[in-house]
Amino acid sequence: MRYSFHEKWLLYAGVPEKEVKTKAHIALERAKRFPWPHSRLYFINSRFINWALPFFVLGKLKRAQDLSSNDFELFTKKIKEHSWWLIRIAAVFAFAPLIEVLIKEETAGFLDKHPLRMLKLENNKSGDERYVVIVIGSGAGGAPVARDLAGEGFKVAIIEKGDVIELLSAPRMLEKYYVGQGLTLSFSGGVMLVLAGSTVGGTTSINSGTCLRPFKHCLEEWDRVLNTSFSNGALDPYFSRVEEAVSVCTPPRSLLSKSAELFDRGLQAIGREGAYVLPRCIKDCEGSGRCCFGCPTGAKQSTDYAYLPQAIKDGAQLYKKTKALQVKEKPEGVEVVIENEEGKKTLSANYLVVSGGALFTPGILKKNKLGAAFSIAGRNLKIHPATKVFAYFPDHFHGEKGIPQGLGYRPPELPRITLEGIHTPKSMIGQILSVGGKEFNWWMERAEYLSSFGLMMQDRNTGSIREFNSFPLIDYKLHPEDARDMGKGLILIAEAFFAAGAVKVLLPLSGNIKKEYDSAEELKSLKPEIFGTKSMIISGFHPQGTAGMGRVVDTDLKLLGSKKVYVCDASVLPDSPGVNPQITIMALSLRLAEHLEKRI
């Protein structure tokens, strides 16, 4: 029987022959739903790999789909480990929708008890479109200011292009609730996948739930640059209010994942103390293991739980699945043209708060020429580069239970690195595995026995962001010193896993580089220098700084040169807070609400 290129790969990956055509069809339909231009490029890329690469990689004048089974396996391994990183990316892109269909994930259906669903939201049809404050965005920056202002009796409109989250499989969550369907990349000096949310609640709805106050030394640097007093406690009252509102607590160790348990055991075995349980925003957490793909019990107190329901009860109007097309600032206030399934309309208000996130706020400012510094919005992009190690423990069934990011550790010799637990649902694990050939199948077959632990970097470099056809284009290059520090952190994680009893570890390396190690002794041959900007598989979290205080907004978050427009989201951070930034953003949002109450 003849098979297409995609069907051939699924057979190689172990899909039963009777299921291959159905799964290939599902995968290709998924590729058609990729955002533009990815959807078009996918099929061009697949044809290129199928028709051209067998000759360049194997010297065979055949399509990949016509190769023998042994040659096809060698072909997939070689293109995933090719010395030219663009070939490696082409391979990952071609296989992405195919990997999605390898494992079927059961879900519990709709979050029927979501407080916003229980409120039965409807967009405003009253015809009264005048507000005191309009907020664009409903995440960490937009929701708290909206709730506080509505609670004080001010008429508030919240514009959100996403919808209220519902529980789907992890791949579908990525498609529906992540910016660019999780395909937002930087190709500058290597490849980095940058992740952020696009839903009611913003990134808070699909993040890990970790809640940490910024490092004091980071606030001291902000104070030095901005002449503020953040490090002297100016934000402390707001931090306290946020922590109460989102129910920040330190969960019991019994809720940690198996990965965290094994990593902690390994750290102690190599003589390292100081691992700590990460505080998080939860109520009655059951350790479902899906924080980044929709909490099935509603335990995570993201802004769609902790802030927006009360804002709406206090009179705020939430326009969900609504785009802000145009913004005009006038002497008497602002006008915002919005569009949703009911058509276009114009809202007006005394003040506007732009909370579109670090990836989209710069585009709003530039497109509408808001403020005096709109032309530099999008510069000074900061990201927390992150990556992870997999380890195989044949005697430890992992499963899906446990808080994925529950444990932290800060190596004293690596002050910019934080090791943080992270565990991925098995339906998504294939997208992260870097190996090719039989090794890929080996790791996938053992998914239930894999533990993982990650790290996050306070970066040294800056990048930039711009929009094309409403899609964020990122220009960011990992600093070589950051790459070396990350390499040292990855080696430490691997050492801890071996000390805990792992029989094999997989490092996030790309290209024709040894990735699998069978002992701590073998790890000693690995030098941190091998971890380069193009040799690691990296994700970027917490994009920030693209409309920073002192550059695009003042320390009250008002746009420079504007009287009516404010910005409040990760874009206003002048530099990294050194930690997951949601608590910092929420505190600034409450501070802004207090400022606006006085002005109104």
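These figures come from a predicted structure and were not determined experimentally. The basis for the numbers below is simple: all heavy atoms, side chains too, and nothing from hydrogens, waters or symmetry mates.
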Exercise. Does a sphere of radius 6.0 Å around CD in E529 hold more than 12 heavy atoms from other residues, nucleotides or ligands, not counting ones at 6.0 Å or beyond?
Worked result: yes
Exercise. Is there a donor-acceptor contact under 3.5 Å from the side chain of T210 to the main chain of L278?
Worked result: no
Exercise. Considering only heavy atoms from C-beta outward, does the side chain of P543 approach that of V194 to under 4.5 Å?
Worked result: yes
Problem set entry | Under 3.5 Å donor-acceptor, T387 side chain and I537 backbone | yes
Problem set entry | Short N-O contact, D264 and R253, less than 4.0 angstrom | yes
Exercise. Got more than 12 heavy atoms from elsewhere within 6.0 Å of CD, E413?
Worked result: yes
Exercise. Between T303 and T204, does any side-chain donor sit less than 3.5 Å from a side-chain acceptor?
Worked result: yes
Exercise. Quick one: salt bridge (Lys or Arg N to Asp or Glu O under 4.0 Å) partners of K401, sequence neighbours excluded?
Worked result: none
Exercise. Any donor and acceptor pair, going by atom type alone, linking the side chain of T199 with main-chain N or O of G202 inside 3.5 Å?
Worked result: no
For this session: Run the numbers on M192 and L185 for side chain to side chain contact (heavy atoms under 4.5 Å, CB included), then give the verdict.
Result: CA-CA 6 Å; M192 179 182 291; L185 299 163; over 6 Å; no
Exercise. Would K77 and E439 pass as an ion pair if we require N to O under 4.0 Å?
Worked result: yes
Problem set entry | Whether over 12 other heavy atoms sit under 6.0 Å from K78 NZ | no
For this session: Could you give me the CA-CA distance, side-chain angles and deciding distance for S510 and R88, then say whether side chain to side chain donor-acceptor pair (under 3.5 Å) is met?
Result: CA-CA 8 Å; S510 178; R88 302 198 299 269; 2.5 Å; yes
For this session: State whether the side chain of D459 and the backbone N or O of I383 hold a donor-acceptor pair below 3.5 Å, judged by distance alone.
Result: yes
Problem set entry | Check against side chain to side chain contact (heavy atoms under 4.5 Å, CB included), R460 and D485 | CA-CA 11 Å; R460 294 175 172 89; D485 282 354; 3.1 Å; yes
For this session: Please name all residues satisfying side-chain hydrogen bond (donor to acceptor under 3.5 Å, both in side chains) with Q582, sequence neighbours left out, ordered by chain then number.
Result: N207
Exercise. Hey, does the Lys NZ or Arg CZ of R446 hover above the aromatic six-ring of W442, less than 6.0 Å from the centre and inside 45° of the axis?
Worked result: yes
For this session: Please list, chain by chain and in numerical order, all residues satisfying ring-ring contact (aromatic ring centres under 6.0 Å, His included) with F453, sequence neighbours excluded.
Result: F263
Exercise. Would a 4.5 Å heavy-atom cut-off, applied to side chains only, mark E467 and F360 as touching?
Worked result: yes
For this session: Could you tell me whether K514 sits above the aromatic face of Y517, with NZ or CZ closer than 6.0 angstrom to the six-membered ring centre and within 45 degrees of the axis?
Result: yes
Exercise. Ring pair (Phe, Tyr, Trp, His ring centres under 6.0 Å): which pairs involve residues 471-493, sequence neighbours left out?
Worked result: H38-F471
For this session: Using the side chain to side chain donor-acceptor pair (under 3.5 Å) rule, take S205 and D304 through it: C-alpha gap first, then chi angles, then the decisive distance, then the call.
Result: CA-CA 7 Å; S205 296; D304 52 326; 3.2 Å; yes
For this session: Give, for atom OG1 of T546 and atom CD1 of I465, the distance between the pair rounded to the nearest 0.5 Å.
Result: 7.5 Å
Exercise. Less than 6.0 Å separating the ring centroids of Y409 and Y276?
Worked result: no
Can I get a per-line list of side-chain donor-acceptor pairs under 3.5 Å for residues 229-243, giving both atom names and the distance, sequence neighbours left out?
unit_1, atom_1, unit_2, atom_2, d
S231, OG, D223, OD2, 2.5
Y238, OH, E594, OE2, 2.6
S240, OG, R213, NH2, 3.4
S240, OG, D236, O, 3.2
R241, NH2, D148, OD1, 3.4
R241, NH2, D148, OD2, 2.5
E243, OE1, R213, NH2, 2.9
E243, OE2, R213, NE, 2.8

For this session: Examine distances only and state if a side-chain atom of Q301 and a backbone atom of A299 form a donor-acceptor pair shorter than 3.5 Å.
Result: yes
Exercise. Does any non-hydrogen side-chain atom of P171 lie less than 4.5 Å from one of M428?
Worked result: yes
Exercise. For P296, does its backbone N or O pair with a side-chain atom of R290 as donor and acceptor, under 3.5 Å?
Worked result: no
Problem set entry | Side-chain donor or acceptor of R551 paired with backbone N/O of G545 under 3.5 Å | yes
For this session: With sequence neighbours excluded, tell me which residues meet ring-ring contact (aromatic ring centres under 6.0 Å, His included) with H384.
Result: H542
For this session: List the steps, then state whether side chain to side chain contact (heavy atoms under 4.5 Å, CB included) holds for V567 with V552.
Result: CA-CA 9 Å; V567 176; V552 178; 5.8 Å; no
Problem set entry | Student check: side-chain heavy atoms of E420 and N580 closer than 4.5 Å | yes
Exercise. Is M586 close to Y307 at the side-chain level, that is, under 4.5 Å between some pair of heavy atoms?
Worked result: yes
Problem set entry | Spacing of Y449 atom OH and Y392 atom OH [to the nearest 0.5 Å] | 8.0 Å
Exercise. Does S525 reach the main-chain N or O of E522 with its side chain, forming a donor-acceptor pair under 3.5 Å?
Worked result: yes
Exercise. Does the distance from a Lys or Arg side-chain N to an Asp or Glu carboxylate O, for R224 and E220, drop under 4.0 Å?
Worked result: no
For this session: Answer whether the closest heavy-atom distance between the side chains of V505 and F498 falls below 4.5 Å.
Result: yes
Problem set entry | pair R591-V145: side-chain heavy atoms closer than 4.5 Å | no
Exercise. Counting only heavy atoms not in E286, do more than 12 fall under 6.0 Å of its CD?
Worked result: no
Exercise. Has R466 got more than 12 heavy atoms of other residues, nucleotides or ligands less than 6.0 Å from its CZ?
Worked result: no
Problem set entry | side chain to side chain contact (heavy atoms under 4.5 Å, CB included) between R410 and L419, intermediate numbers included | CA-CA 6 Å; R410 291 184 54 77; L419 307 186; over 6 Å; no
Exercise. Say you draw a straight line from SG of C211 to CD1 of I583; how long is it, rounded to the nearest 0.5 Å?
Worked result: 4.0 Å
For this session: Could you check E81 against K515 for salt bridge (charged side-chain N to carboxylate O under 4.0 Å, His left out), going step by step and ending with a plain yes or no?
Result: CA-CA 11 Å; E81 297 183 346; K515 308 168 182 66; 3.3 Å; yes
Exercise. What orientation do F215 and H217 show, parallel under 30°, tilted 30 to 60°, or perpendicular over 60°?
Worked result: parallel
Exercise. Between T203 (side chain) and G197 (backbone), is there a donor-acceptor pair under 3.5 Å?
Worked result: yes
Exercise. Donor-acceptor pair, S247 side chain versus C281 backbone, under 3.5 Å?
Worked result: no
Exercise. So, H396 versus S451: side-chain donor-acceptor pair below 3.5 Å or not?
Worked result: no
Exercise. Below 4.5 Å, heavy atoms only, C-beta onward: do P404 and F293 meet side chain to side chain?
Worked result: no
